[in-house]
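These numbers come from a predicted model, not from an experiment. Lettering follows sequence order; numbering is per chain, from 1.
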Amino acid sequence: MDLLSTLNPQQSEAVQATDGPLLILAGAGSGKTRVITVRIAYLIAEKGIAPHNILAVTFTNKAAGEMRERVESLLRGQKLPSAPLISTFHSLCVRILRADIEKLEEGYKRSFTIYDTDDSTKVIKACIKDLGLDDKQTQPRNVRNAISAAKNRGEDHEMFASKIEYGDEKKATIAKIFRMYDERLLTANALDFDDLLIKAVRLLRTSPDTREKYNDRFKYILVDEYQDTNALQFALISYLTEKQQNICVVGDDAQSIYGFRQADIRNILEFESHYPTAKVVLLEQNYRSTQTILDAADAIIANNVNQKKKKLWTANAGGERISYYQAYDGDTEARFVASKIEEHQRRSLSDRIAVLYRTNAQSRQFEEALRRMRIEYNIVGGFSFYERAEVKDVIAYLKLAMNPFDDIALLRVVNTPARGIGKTSIDALQAAAKANGASLWMTIRGITDKEFPLDVAMTPRAKQAFGGFKDVIEILIRKAANETGDASVSDIVIAAIEDTGYANSLRAENTDEAAARLENLEELVNAAVDYDKQSENGLRDFIDHAALTSDTDRYDSSAGVTLMTAHMAKGLEFPIVFLVGLEDGVFPHSRSLSEEKDLEEERRLAYVAITRAEKMLYVTHAMHRRTYGVEFASEPSQFLNELPLELIDDLSPGASWLSYARSASTLQAKAAASALRGEADPPKARNVYTGKTYDSADAVNEFFKNKGRAEPPASAGGVQRSYPAAPRETPLDRLRAAGSQGRPTQKVAMPPNSLVPGTYVRHDKYGRGLILRREGSGDNVKLTVSFPGVGQKKLIEKFANLEKD
DNA sequence: AAGTAAATTTTTTTT
DNA sequence: AAATTTACTT
């Protein structure tokens with residue numbers, strides 16, 4: 001029974017509760033992955049469950065891969081008749097649909113193509129154009145998001161349309177596009193990411209046979225990161241566990257950070273009511289971080305009202321204090337981080353370091369600073385390999401070989417490399433296709449038919465060019481079809497690169513950039529060769545893999561320095577973490593400032609970021625930040641103010657926000673004390689960078705109530721409380737005390753619903769614009785707004801009559 | 001039809 | 001500031 005020997009009692013209980021529904025509430029760093037992997041190994045080795053009867057579902061390929069490896073190493077030396085299926089939600093759905101989508105009788109064939117976000121947006125753009133709409137008024141990206149959100153709620157275009165209230169033109173337009181979009185995807189035999197889930201769920205719902213088949217196959221199901229599941233994923237799991245209820249879900253409501261993707265936290269909160277016989281295990285011991293880091297994370301999350309109470313503890317020592325740095329601007333911030341990294345690396349190279357930021361756009365300055373100091377780093381996100389233009393081009397050729405009706409893929413490569421097929425010819429082709437209700441591929445075949453050419457207004461030269469393209473694709477189709485014979489996946493990939501003239505046109509360019517592209521294509525061939533070696537699966541699977549592989553999956557766990565967003569860091573851990581750009585509008589993001597629930601999600605994201613740290617945490621922010629090429633004065637993040645200030649070391653040169661915040665709290669205390677004594681003119685508290693001026697006794701008292709952890713006025717005098725901290729008020733206490741006045745560290749300078757920089761607004765005369773700067777206060781607020789086509793305008797907020805757009 | 005210059009947009013977070 | 005899209009040449 002040595003599988004269990006490394007586990008604590010709760011973990012062990014979670015592993016051994018194999019039958020029936022089980023909810024594991026696993027705090028950050030509580031050994032969640034260890035429990036899942038040991039559980040799988042335990043099922044196989046101790047319970048004699050056939051591996052292929054086990055299904056584990058994760059969100060990313062990276063998580064799935066890691067789990068696979070760890071299970072394998074736990075079972076090392078054992079001969080297994082099969083392997084457990086450890087898969088992402090999306091790959092699982094693809095697997096289900098490739099087998100049985102034809103049973104849906106919707107017209108989809110099992111050779112369907114997967115459209116990524118980019119492809120979907122292109123289809124939507126075309127729909128908007130064909131409906132005669134203005135794509136400035138109806139932005140493809142927004143429509144796509146609306147459709148995706150609807151799909152993830154489980155609505156199809158009919159349900160979406162039926163829910164529109166009378167007079168809601170915007171939604172009515174989206175509904176029209178929605179419908180057209182779905183029709184076009186069907187014509188192209190294509191499914192978008194959301195459809196993969198929708199169709200799989202629909203298939204399980206409508207086909208009892210299929211449902212039965214998978215219920216019999218998957219007798220034990222595990223779901224990781226359950227707090228991030230949405231309605232569709234919940235439905236999928238429900239159908240799969242219909243017969244037996246050996247369902248084990250693992251999650252942490254404090255780490256739910258995908259609400260914007262319709263993740264529904266209720267799935268985890270209401271697990272017990274959905275499965276009344278459910279057993280619940282709490283994993284509360286943290287093995288990852290120092291007490292100091294846990295205290296910091298705890299202090300942040302304590303400001304959220306909506307959460308399950310959970311108390312993480314650790315046997316680890318207090319550890320080093322948190323380091324804080326205030327930079328003049330983003331460049332200085334990046335230089336500080338780079339030089340600190342260098343310092344750490346000089347001492348020890350074994351401590352992996354992460355730089356975590358809110359948005360990918362922040363990465364550049366850190367990359368530059370690290371490069372200047374010749375520090376090697378790894379960056380996750382941004383441009384992933386499979387998103388490179390040349391890779392997507394070649395994949396498009398491969399997709400066409402499998403499914404020539406894929407219009408998007410066809411449009412992508414019809415003139416890449418240049419074949420003399422220009423915009424005019426493509427317009428004519430699309431018009432002809434539309435007139436005949438046919439796909440572009442069929443239209444090309446029609447145009448170039450020798451005996452009965454389709455009559456299309458087109459120059460002979462254009463027709464000939466299309467003929468050339470048709471030949472190229474037909475050769476590829478034959479090669480792909482022959483795959484079962486002797487051609488391997490890599491052979492076909494090479495054909496798509498060479499036989500199409502793609503490589504030659506790059507060679508002819510003879511530039512460094514073209515050479516880099518050729519190298520990327522070589523890497524693609526290598527990926528295909530590897531694929532051939534370790535898998536029996538064909539081209540179809542290879543393309544599916546490319547479509548479902550994301551940035552996150554290219555994380556190298558052995559890299560010394562890793563740059564990534566806080567989102568991507570979920571599930572990872574690093575001895576040293578730099579959490580950067582802690583400014584209002586950056587983190588929390590400006591788009592999340594207006595809604596309380598969005599702000600709470602930002603706070604959970606900050607919690608996730610902080611709890612990645614094992615030994616050391618740095619927090620940094622800049623006083624000036626450049627956005628869209630314009631420099632703004634930025635304010636420290638409200639999350640900084642929520643940290644336990646007594647645990648922080650200030651590394652900033654000169655007077656920083658932190659030193660103000662600290663001395664301010666003693667000043668405030670004095671002011672409050674004198675106010676309470678009834679003194680006529682209490683010393684005025686100065687601006688503490690929270691944007692709020694505490695110039696009345698009431699305001700000062702409110703400050704302390706809100707701050708929650710500040711010293712009571714009587715104990716004022718600058719005595720630093722010794723660590724550990726006294727018990728804090730809970731958010732609920734605070735809410736009661738504040739008389740439901742809202743959030744603790746609320747700011748007056750930037751009230752949540754106001755027009756802050758980064759917000760889009762609508763002006764009667766100038767139309768839509770972006771707020772660049774906000775100055776002044778009260779009635780004198782001046783806004784600098786950039787209106788496309790008009791330029792920058794300075795407006796008085798009071799008179800401008802701006803509406804949020 | 002292809003290349004260049006000018007205008008416009010971009011920043012959440014992701015399978 | 002950088003990347004992408006559009007408009008204008010040749």
Side-chain angles (χ1 to χ4, degrees), chain A residues 57-64 87-94 114-118 120 125 135-136 139 141 145 148 151-152 191-197 225 228-230 232-233 256-263 330-331 356-365 368 380-384 386-387 389 415 418-426 459 461-462 465 544 547-553 564-570 581 585-593 598 601-602 604-606 608-609 625-631 757-760 768-770 786-791:
Chain A
V57 196
T58 64
F59 276 86
T60 64
N61 293 295
K62 175 200 72 185
S87 159
T88 65
F89 273 104
H90 292 268
S91 338
L92 173 66
C93 291
V94 170
I114 302 167
Y115 274 7
D116 65 17
T117 315
D118 216 46
S120 306
K125 212 170 179 175
D135 67 356
K136 290 266 152 51
Q139 293 205 318
R141 227 171 58 101
N145 287 339
S148 175
K151 286 187 170 183
N152 278 298
L191 298 174
D192 66 22
F193 284 149
D194 305 323
D195 287 337
L196 294 175
L197 281 155
E225 307 282 12
D228 289 331
T229 52
N230 64 27
L232 283 171
Q233 286 150 346
S256 157
I257 54 175
Y258 286 106
F260 69 95
R261 239 171 54 195
Q262 314 304 311
D331 252 356
L356 306 181
Y357 34 78
R358 178 70 234 285
T359 65
N360 278 307
Q362 288 167 261
S363 69
R364 171 179 268 118
Q365 287 178 307
E368 280 170 8
V380 184
F383 293 104
S384 101
Y386 288 104
E387 277 167 44
N415 197 36
R419 298 188 174 87
I421 299 173
K423 197 175 174 306
T424 326
S425 312
I426 291 173
T459 62
R461 212 173 93 179
D544 285 351
L548 297 174
T549 297
S550 69
D551 310 338
T552 334
D553 305 323
M564 65 180 134
T565 63
H567 278 90
M568 293 198 190
K570 194 174 67 165
V586 178
F587 198 166
H589 195 271
S590 57
R591 300 270 245 262
S592 306
L593 288 172
D598 292 339
E601 181 154 314
E602 294 283 311
R604 290 193 294 268
L605 183 59
V608 168
R625 193 165 290 279
R626 197 192 293 283
T627 324
Y628 299 124
V630 191
E631 191 154 277
T759 316
Y760 283 95
R768 199 172 122 98
L770 173 68
S786 161
F787 295 99
V790 181

Q: Would you indicate which nucleotide in dT15(B), dA2(C), dA1(B) comes nearest to any side-chain atom of Ser425(A)?
A: dA1(B)
Q. Phe260(A) on top of dT12(B)'s base, within under 5.5 Å and under 30°?
A. no
Q) If you check the Asn360(A) side chain, which of dT14(B), dT15(B), dT12(B) turns out closest? A) dT14(B)
Q) Which of the following nucleotides, dT11(B), dA3(C), dT12(B), is nearest to the side chain of Ala361(A)? A) dT11(B)
Q | Closest nucleotide among dT15(B), dA2(C), dT12(B) to the Arg364(A) side chain | A | dA2(C)
Q: Assess whether one donor atom and one acceptor atom, taken from the side chain of Arg358(A) and the base of dT13(B), lie less than 3.5 Å apart.
A: yes
Q: In sequence, state the C-alpha distance, the side-chain angles, and the governing distance for Thr565(A) and Val380(A), and then conclude on side-chain contact (heavy atoms from CB on, under 4.5 Å).
A: CA-CA 8 Å; Thr565(A) 63; Val380(A) 184; over 6 Å; no
Q) Ile257(A) CD1 to dT15(B) P: how many Å, rounded? A) 11 Å
Q) Mapping Arg261(A) and Arg626(A) to their closest nucleotides on DNA chain B, which lands nearer the 5' end? A) Arg626(A)
Q) Does any non-hydrogen side-chain atom of Leu232(A) lie less than 4.5 Å from one of Gln262(A)? A) no
**Q.** C1' gap between dT5(C) and dT12(B), integer Å
**A.** 22 Å
Q: Just call it for Tyr258(A): base, sugar-phosphate, or nothing, with non-hydrogen atoms closer than 4.0 Å on any strand.
A: sugar-phosphate
Q. So do the side chains of Gln233(A) and Phe59(A) get within less than 4.5 Å of each other, counting heavy atoms only?
A. yes
Q: Could you tell me how the ring of Tyr258(A) sits relative to the ring of His567(A): parallel (under 30°), tilted (30 to 60°) or perpendicular (over 60°)?
A: tilted
Q: Send over the distance from His567(A) NE2 to dT11(B) P, rounded to a whole Å.
A: 16 Å
